[in-house]
A.B. asks: 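Starting off with a structure, shown below.
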Protein chains: 2
Amino acid sequence: MLDLTSPVYPVRIVLRRTGLTAELLRAWERRYGVVAPGRTDGGQRLYSEADINRLALLRRATQYGHSIGRIAEFSDSELEDLLADAPAAPSSRSGPTPGAPGQIATNTRRACLEAIQWMDGGALDAALRRASVALGPTQFAEQVIAPLVREIGELWHAGRLRIVQEHLATSTIRQVLSGILAFAPAADEAPVFVAATTSGQRHELGAMMAAAVAAAQGWRAVYLGPDLPGEEIGIAAARLHAGAIGLSLVYPTDDPLIDRDLADLAEAIGRSIPVYVGGEGTARRGPQLGDLGFTVIPSLADLSDRLARP
Amino acid sequence: MLDLTSPVYPVRIVLRRTGLTAELLRAWERRYGVVAPGRTDGGQRLYSEADINRLALLRRATQYGHSIGRIAEFSDSELEDLLADAPAAPSSRSGPTPGAPGQIATNTRRACLEAIQWMDGGALDAALRRASVALGPTQFAEQVIAPLVREIGELWHAGRLRIVQEHLATSTIRQVLSGILAFAPAADEAPVFVAATTSGQRHELGAMMAAAVAAAQGWRAVYLGPDLPGEEIGIAAARLHAGAIGLSLVYPTDDPLIDRDLADLAEAIGRSIPVYVGGEGTARRGPQLGDLGFTVIPSLADLSDRLARP
DNA sequence: CGCCAATTGTACAAGTATTGTCAAGCTTGT
DNA sequence: ACAAGCTTGACAATACTTGTACAATTGGCG
């Protein structure tokens, strides 16, 4: 039985699941000792599940704007607190991944924000579609959509965006994600990934991104929609013989409906189907979700990686 | 443990979240001591959640017209009081025509209802797309989507459809309509058609159909999204130099917000832009809408016809 | 009304701190 | 053998800091 602290993952897995580069990961270890991986006899690093989780948290925090030097020594729960107030995702100075993709993502986000200012839905749509083709669904979701959604939220909170602008942006992003889902091949024998949002959760972009990532990994992604009771999600998953379920928790984070729904869902499927939960709303719910047998997804790259495995 | 007063945020995050510039923030600190951030070992500023909150309040207050020198020493609650006075930041029944098209529409609807029963999002999507190509956007919206939405509503009220099924259907239909909008040519010189839904109106399919119909007539259709205040719609229409506005009223039909929003919109645009209103919610509002200078659209075909004229 | 002075947002320069990335040379795993 | 990994020691790009300056408003005040 492998527990969360057994060192079993080689670097390349860590890189895929966290989105870090090899150089940066080693620099972090060397300079700040963010994790202390085990070693093979030959001296190569071996990471544990807990290490990966911590690194993903750190990366999200740095991409949000925290400086690595400051937060390197924070405990996992402190990092979660840090991310609980602050949404998930990049908007940092040098792009997430080096070179071209990061550049494309950064430029796209800038172009998108400009289009939103001008309420130019067409330009926004075009910019997003271009980027989605250039980057592929997973990178597109993680490096463009997620950060963009966060930036929009911040501008909106700062009072620098009108209601229409926010709505137009949301609608257009939803359109583009729909397009990606519709465009996905979907072989008949492919396992089914069911994505949805629980009661009261009206932010659907997270669930749609999860569906897009699943589709990119060859799953038949079915996006059920937002604001669904847990039991209903369970029924649909059972009827569709789903191989996995993706949920997104964003806001409100303290709604008691959430607990109810999660419990209902757990009961309806009885641990027979893996459930992945992502979004800012997961920050303070780690233990509860673990008890239900659900898996918390710290980043879309992590989800992508988990869905890629047999 | 992280609380509201632990200094953890570097400046860049503060700037993003407050909308201040670095120079201005430092000037405020230097000149008025609005906040007293902590420092890293290297001397860089570190702000707390409470600091950010206070700065955001100050910035909003200054934008509202208060001078920073006067309010710099106000407590947070005094600032909130100050801002309390300030304004807050921010279908159809025309049956299918006989003949081939009607046949296609009927068959499509039957296939769709079956796919919905089986929660087969893929089949539903495929059937709708096929029909949309075969019939063209206008006929598709009028003969397939509109009646289908009505039938779904009826089944749902009769308790013969699960919540998931209804949601899946709605999401999928929305996807297909998005696809049509995205696919539309949209010449740059084409007049702009703005579609939206007023406050409290969460059924967006009507507005999306209107946008699709407009796109089919060569307009540049911009779908703003659901649940928007009338004033915001007016602002967007003005900014986009819209040639026409389409609204959809479905449910709830007696919400007083509707009257308010319609009046706001009318005032914002001052009869300079024709406004078309459709949906079941228009049934009891004919006179009111007429007074405002709005046009009631009894069917999508009617809208299509009106948009074709000029 | 007209003028002076205070207020306030912005800009630039020069130096420090932080941090992502690279290169060279060597080792490990398959 | 060859791709992937390791370590050490840089380097360069940003980000941030302090201090000073400047132009545009604003607010008295005669």
Side-chain angles (χ1 to χ4, degrees), chain A residues 7-47 51 55 58-74 90-103 105-106 110 143 160, chain B residues 7-47 51-52 55 58-74:
Chain A
V8 286
Y9 299 101
V11 212
R12 73 193 91 90
I13 302 275
V14 180
L15 303 183
R16 279 222 313 270
R17 280 179 53 182
T18 61
L20 294 167
T21 66
E23 291 80 9
L24 187 53
L25 172 54
R26 287 193 292 259
W28 281 9
E29 287 177 16
R30 172 171 23 119
R31 302 208 259 236
Y32 319 105
V34 290
V35 294
R39 298 282 178 158
T40 66
D41 299 340
Q44 311 217 333
R45 277 160 241 251
L46 285 180
Y47 297 82
D51 288 336
L55 289 168
L58 283 167
R59 176 167 124 115
R60 277 175 57 193
T62 56
Q63 297 202 317
Y64 180 64
H66 290 285
S67 38
I68 183 61
R70 276 293 299 171
I71 62 173
E73 297 188 335
F74 281 24
S91 143
S92 62
R93 51 180 204 220
S94 51
T97 6
Q103 204 57 35
T106 309
R110 183 163 35 227
Q143 296 178 14
R160 302 181 63 189
Chain B
V8 286
Y9 298 99
V11 254
R12 50 183 173 276
I13 294 186
V14 179
L15 303 183
R16 275 215 318 263
R17 285 181 53 182
T18 61
L20 294 167
T21 66
E23 290 83 2
L24 185 53
L25 171 54
R26 287 193 292 259
W28 281 8
E29 286 177 19
R30 176 173 14 109
R31 304 207 258 236
Y32 319 104
V34 290
V35 294
R39 297 284 178 155
T40 67
D41 300 341
Q44 311 212 335
R45 275 161 245 250
L46 284 178
Y47 299 81
D51 288 336
I52 296 182
L55 290 168
L58 284 167
R59 151 130 167 146
R60 279 206 281 152
T62 56
Q63 289 204 312
Y64 187 54
H66 298 284
S67 67
I68 182 61
R70 219 167 46 74
I71 62 172
E73 296 189 334
F74 281 22

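We name chains A, B, ... by the order of the sequence lines, and we start the count at 1 in each one.
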A.B. asks: Can you tell me if the side-chain N/O atoms of R70(A) get under 4.0 Å from OP1 or OP2 in dA15(D)?
C.D. replies: no

A.B. asks: OP1 or OP2 of dT8(C) versus the side-chain N and O atoms of Y32(B): is any pair under 4.0 Å?
C.D. replies: yes

A.B. asks: Starting at the 5' end of DNA chain D and moving along, which residue's nearest nucleotide shows up first, Y47(B) or R30(B)?
C.D. replies: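 Per heavy-atom nearest nucleotide, the more 5' residue is Y47(B).
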
A.B. asks: Minimum heavy-atom separation for A72(A) to Y32(A), with atom names?
C.D. replies: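 Shortest heavy-atom contact: CB-CB, 3.4 Å.
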
A.B. asks: For dG29(C), take OP1 and OP2 only and decide whether either is under 4.0 Å from a side-chain N or O of T40(A).
C.D. replies: yes

A.B. asks: Quick one: the side chain of R31(A) and the base of dG20(C), do they pair up donor-acceptor inside 3.5 Å?
C.D. replies: yes

A.B. asks: Just how far, in rounded Å, is P of dT21(C) from CH2 of W28(A)?
C.D. replies: 10 Å

A.B. asks: Once you round it to whole Å, what is the distance between P of dT8(C) and CZ of R59(B)?
C.D. replies: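 Result: 16 Å.
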
A.B. asks: Rounded to whole Å, please give me the gap between CD in Q44(B) and C1' in dT18(D).
C.D. replies: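 These atoms are roughly 13 Å apart.
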
A.B. asks: Of the non-hydrogen atoms in R12(B) and H66(A), which two are nearest, and what is the gap between them?
C.D. replies: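 Looking at all heavy atoms of both residues, the closest pair is NH2-C, 3.6 Å.
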
A.B. asks: Using atom NE2 of H66(B) as one end and atom C1' of dT8(C) as the other, report the distance to the nearest whole Å.
C.D. replies: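 Rounding to the nearest Å, NE2 of H66(B) and C1' of dT8(C) are 16 Å apart.
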
A.B. asks: I need the CD-P distance between E23(A) and dA23(C), as an integer number of Å.
C.D. replies: 10 Å

A.B. asks: Expressed as a whole number of angstroms, how long is the span from L24(A):CG to dT18(C):C1'?
C.D. replies: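 Rounded to whole Å, this separation is 13 Å.
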
A.B. asks: Examine R17(A) relative to Y9(A) and say whether NZ or CZ is less than 6.0 Å from the centre of the six-membered ring and inside a 45° cone about the ring axis.
C.D. replies: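 Verdict for Y9(A): a cation-pi partner in R17(A).
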
A.B. asks: Does R45(B) have a side-chain nitrogen or oxygen under 4.0 Å from the phosphate oxygens OP1 or OP2 of dT17(D)?
C.D. replies: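 Indeed, a polar side-chain atom of R45(B) lies that close.
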
A.B. asks: Give a yes/no verdict on a cation-pi contact between R59(A) and Y64(A), requiring under 6.0 Å between NZ or CZ and the six-membered ring centre and an angle within 45° of the axis.
C.D. replies: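 No, a cation-pi geometry is absent between R59(A) and Y64(A).
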
A.B. asks: Separation of R39(B) atom CZ from dA17(C) atom C1', in whole Å?
C.D. replies: 13 Å

A.B. asks: For L15(B), run the side chain to side chain contact (heavy atoms under 4.5 Å, CB included) check against L24(B), L55(B), L25(B), T21(B) and tell me which one passes.
C.D. replies: L25(B)

A.B. asks: Strictly below 4.0 Å: does S67(B) bring a side-chain N or O up to OP1 or OP2 of dT26(D)?
C.D. replies: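 Checking S67(B) against dT26(D): no side-chain N or O falls below 4.0 Å of OP1 or OP2.
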
A.B. asks: Please tell me if R26(B) has a side-chain N or O lying less than 4.0 Å from either OP1 or OP2 of dC16(D).
C.D. replies: no

A.B. asks: On DNA chain C, does the nearest nucleotide to D41(A) precede the nearest nucleotide to I68(B) from the 5' side, or the other way round? Give the residue.
C.D. replies: I68(B)

A.B. asks: Rounded off to whole Å, could you give me the CG-to-P distance for the L20(A) and dG20(C) pair?
C.D. replies: 9 Å

